[in-house]
Trainee: 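One structure follows; several queries about it will come next.
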Amino acid sequence: MAWLVLVLSGLLETAWAIALDRSAGFTRPLPSAVFGVTLVGSMAGLAYALRDIPVGTGYAVWVGIGAVGTALVGMLALGEPVNLPRVACLLLVVAGVIGLKLFG
């Protein structure tokens, strides 16, 4: 259960990062509210997961999911550049997250 919550929390990290960008410095109410709700949910899920998962592993997996998710949303939906080096770097992050799960 802790791993499922950790993955969902990582996805919420992606949501709050995108909402933070869209909030335009907290000048837009809806994205600002989405940021607040998803941030709290992400942190609460991370806290729950860390009761059973070592902090180094849990935090690294959480950040990895959030970073890769945010980069993918940027590339697929927000017009950020998509090129082989960027995709390769994201695959390296994914490999690291999988490695932490398998060997942690």
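Side-chain atoms are counted along with the backbone in the values below, which use heavy atoms only and exclude waters and symmetry mates. Quick caveat, the model's predicted, so the values are computed rather than measured.
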Trainee: Side-chain donor-acceptor contacts of residues 60-77 below 3.5 Å, not counting sequence neighbours, with atom names and distances?
Mentor:
residue : atom : partner : partner atom : Å
Trp62   : NE1  : Ser9    : O            : 3.3
Trp62   : NE1  : Ser42   : OG           : 3.0
Thr70   : OG1  : Gly66   : O            : 2.7

Trainee: Return the set of residues passing side-chain contact (heavy atoms from CB on, under 4.5 Å) with Leu92 (not counting sequence neighbours), or none when no residue passes.
Mentor: none
Trainee: For residues 2-23, which residue pairs pass the ring pair (Phe, Tyr, Trp, His ring centres under 6.0 Å) check, not counting sequence neighbours?
Mentor: Trp16-Phe35
Trainee: Any idea which heavy atoms bring Arg28 and Ser32 closest together, and the distance?
Mentor: O-OG, 2.7 Å
Trainee: Going by salt bridge (Lys or Arg N to Asp or Glu O under 4.0 Å), name the pairs with one or both residues in residues 79-98, residues two or more places apart or in two chains.
Mentor: Glu80-Arg86
Trainee: Run the side-chain donor-acceptor check on residues 46-54: report pairs under 3.5 Å with partners two or more places apart or on a different chain.
Mentor:
none

Trainee: Determine whether Leu90 and Ile18 fall in the same hydrophobic cluster, where Ile, Leu, Val, Met, Phe, Trp and Tyr are linked whenever their side-chain heavy atoms lie under 4.5 Å apart.
Mentor: no
Trainee: Determine the minimum heavy-atom distance between Ala24 and Thr27, stating which atoms define it.
Mentor: O-OG1, 2.7 Å
Trainee: Are Leu4 and Leu8 packed together at the side-chain level, in the sense that at least one heavy-atom pair is separated by less than 4.5 angstrom?
Mentor: yes
Trainee: Can you hop from Leu91 to Ile98 via hydrophobic side chains spaced under 4.5 Å?
Mentor: yes
Trainee: Is there a path of hydrophobic side-chain contacts, each under 4.5 Å between heavy atoms of I, L, V, M, F, W or Y residues, that connects Leu39 with Phe26?
Mentor: yes
Trainee: In the hydrophobic cluster built from side-chain contacts under 4.5 Å, what are the other members alongside Val34?
Mentor: Leu30
